There are 2 protein chains.
Amino acid sequence: MASIYQTIFSDIEAKILAGEWQPGSRIPIEQDLVVQYGCSRMTVSKALSALVTRGMVVRRRKTGSFVALPQIDRTVMDIQDISTAAELAGHSHGHRILTRKIERLDAGDAKLLSEPVGAEILRLQCLHIVDGRPNALERRIIMLDLVPLAREEKFATMPPAKWLLEQVPWTKARHVIRAISADQATARLLETERGEACLNLVRQTWQNGRTVTYVEITHPGDRFQFAGCFQPAATWPTAGDR
Amino acid sequence: MASIYQTIFSDIEAKILAGEWQPGSRIPIEQDLVVQYGCSRMTVSKALSALVTRGMVVRRRKTGSFVALPQIDRTVMDIQDISTAAELAGHSHGHRILTRKIERLDAGDAKLLSEPVGAEILRLQCLHIVDGRPNALERRIIMLDLVPLAREEKFATMPPAKWLLEQVPWTKARHVIRAISADQATARLLETERGEACLNLVRQTWQNGRTVTYVEITHPGDRFQFAGCFQPAATWPTAGDR
DNA sequence: TAGTGGTCTAGACCACGGG
DNA sequence: CCGTGGTCTAGACCACTAT
């Protein structure tokens with residue numbers, strides 16, 4: 001049995017999706033919905049809030065609530081940790097730490113990370129192996145002041161991405177995805193040809209404005225892709241999600 | 001002035017981020033928070049719901065609410081329409097329709113789209129120009145039964161992606177991002193070299209289980225990247241969002 | 001000024017699930 | 001059983017904004 005606010009949510013969603021209520025058109029005011037559904041105004045409000053979260057409705061004081069105008073063509077992509085993604089897809093996954101050095105941030109990297117020169121870091125290089133073949137080369141910087149435990153961690157059993165998540169919650173992440181040609185060193189490690197198209201992901205992760213880690217992951221183009229399905233997230237569960 | 005539920009939200013969020021409340025540990029029960037903040041239980045509940053949406057808290061009947069365990073390393077990436085993205089970044093944007101044919105779906109494409117062979121489609125090829133240089137080659141299929149207006153549309157002023165959004169709301173999208181080497185035809189159109197690393201995005205969009213459009217966009221690797229910042233979305237607006 | 005959403009209250013009953 | 005969250009009510013006052 002669906003709750004009242006879920007019913008209201010679904011009804012309005014259905015009308016919008018069916019085109020019955022066109023973008024920009026007005027939705028009945030809350031008081032009318034209160035009467036129509038025989039519920040309190042707060043229950044109506046909860047349903048409308050969920051529709052706002054989903055980007056289907058906008059609410060304006062004095063003028064009422066409206067079907068949202070068509071969204072810009074933005075959608076959303078999950079980017080998962082390699083080992084988790086591999087596991088979910090039913091592939092074997094291993095990793096090998098190639099480099100592990102405690103250093104101080106030099107001028108170039110400091111600029112890249114927007115962190116002070118001289119800050120203590122752990123620099124890692126790690127090769128990910130999926131189904132027996134190199135699948136990703138990971139170059140990572142971990143800020144040691146925020147993650148002091150990394151100083152002693154050898155990442156023998158758990159890859160750095162996974163380990164970090166158990167240590168430090170993040171509040172913000174920035175991703176950049178590019179296509180690059182493999183240079184000689186990368187090609188050798190990934191067992192591919194120099195010049196091969198590679199998918200290159202850079203991720204910087206913050207906690208409250210402080211950088212936790214900066215990582216660049218390079219995948220051979222013929223062995224990796226990002227894939228993701230997206231449906232706008234509802235505040236509360238909708239019929240289709242159950 | 002922050003509302004009460006925003007205050008509660010921020011306070012709890014801060015304690016979790018500071019590590020004061022560790023993952024898995026119990027959060028005060030709602031009644032205690034009611035007393036602590038001198039507000040009604042519903043206000044507390046609203047704050048906790050927002051924390052659940054943000055993935056920082058889990059609530060269980062009988063046992064209480066807890067700090068969520070660390071998330072898997074998934075994060076989220078906005079993928080915008082090229083013209084919109086270019087505008088936002090302050091670049092000029094133009095497009096040129098190279099191909100525009102009404103066809104019926106052949107076996108290969110039908111399998112790709114999981115749509116029936118013979119369905120009527122509009123096949124487009126469109127070159128996007130940003131700051132005077134080719135920036136993307138778009139190959140698109142539009143299902144004409146769902147978007148009949150496309151039959152007459154010439155896409156002279158508005159690129160297909162933007163036009164489609166004004167015609168058809170979507171309920172689900174799937175993305176695949178790969179790195180590929182430019183073949184000769186693509187390289188010529190994008191004014192780059194054959195073999196150049198290119199970023200390749202495939203997007204299929206549905207409305208209630210029916211395909212609306214399928215599009216493959218190829219960007220030269222040296223002229224394009226996806227970039228996105230992410231913070232988990234809150235159910236209700238938080239102080240930082242205003 | 002008046003219409004509308006934004007927030008809040010002080011209760012209530014129900015649903016779930018551990019003991 | 002009974003503690004806890006899930007949902008709901010019937011109001012209330014305030015904030016914003018179009019007119």
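Every chain is numbered from 1 and lettered A, B, ... according to where its sequence line falls, protein lines coming before strand lines. In this text, all values refer to a predicted model and were calculated from it rather than measured experimentally.
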Problem set entry | Pair listing, salt bridge (Lys or Arg N to Asp or Glu O under 4.0 Å) test, anchored in residues 144-161 of chain A, at least two apart |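 Every salt bridge (Lys or Arg N to Asp or Glu O under 4.0 Å) pair that includes a residue of residues 144-161 of chain A, provided the two are not neighbours, is E120(A)-R151(A), D145(A)-R210(A).
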Exercise. Which pairs count as salt bridge (Lys or Arg N to Asp or Glu O under 4.0 Å) when at least one residue sits in residues 22-39 of chain B, sequence neighbours excluded?
Worked result: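 Every pair satisfying salt bridge (Lys or Arg N to Asp or Glu O under 4.0 Å) with a residue in residues 22-39 of chain B: E30(B)-R41(B), E30(B)-R59(B).
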Would you indicate, yes or no, if [N] has its OP1 or OP2 atom less than 4.0 angstrom from a side-chain nitrogen or oxygen of [X]?
X	N	value
Y5(A)	dC8(D)	no
R59(A)	dG6(C)	yes
S65(A)	dG5(C)	yes
S3(A)	dG6(D)	no

Exercise. Heavy-atom distance under 4.5 Å between the side chains of I121(B) and E115(B), does that happen here?
Worked result: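 They are not in side-chain contact.
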Problem set entry | Side-chain touch R100(A)/C126(A), heavy atoms, less than 4.5 angstrom |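 A side-chain contact is absent here, since even the closest heavy-atom pair is not under 4.5 Å.
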For this session: Using salt bridge (Lys or Arg N to Asp or Glu O under 4.0 Å) as the criterion, list what pairs up with R96(B), not counting sequence neighbours.
Result: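 By the salt bridge (Lys or Arg N to Asp or Glu O under 4.0 Å) rule, R96(B) matches no residue at all.
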Rounded to the nearest Å, what distance is computed from the [atom1] atom of residue [X] to the [atom2] atom of nucleotide [N]?
X	N	atom1	atom2	answer
F66(A)	dT17(D)	CZ	P	13 Å
R26(A)	dT4(C)	CZ	C1'	8 Å
R60(A)	dA18(D)	CZ	C1'	11 Å

Seminar exercise, completed: Its contact letters, B for base, S for sugar-phosphate only and - for none at protein heavy atoms under 4.0 Å, make nucleotides 9-19 of chain C read BB-B--BBBS-
Problem set entry | Nearest heavy-atom neighbours spanning L48(A) and S65(A) |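 Residues L48(A) and S65(A), closest heavy atoms: CD1-OG, 4.2 Å.
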Exercise. How far apart are the closest heavy atoms of T7(B) and A2(B), and which atoms are they?
Worked result: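 Minimum heavy-atom contact is OG1-CB, 3.9 Å.
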For this session: Give me the residues of residues 29-36 of chain A where at least one heavy atom lies under 4.0 Å from an atom of DNA chain C, by number, or none.
Result: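 DNA chain C contact set from residues 29-36 of chain A: I29(A), E30(A).
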For this session: Check ring-ring contact (aromatic ring centres under 6.0 Å, His included) between F155(A) and all other residues, then give those that pass, not counting sequence neighbours.
Result: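 Once residues adjacent in sequence are excluded, the partners of F155(A) under the ring-ring contact (aromatic ring centres under 6.0 Å, His included) criterion are W163(A).
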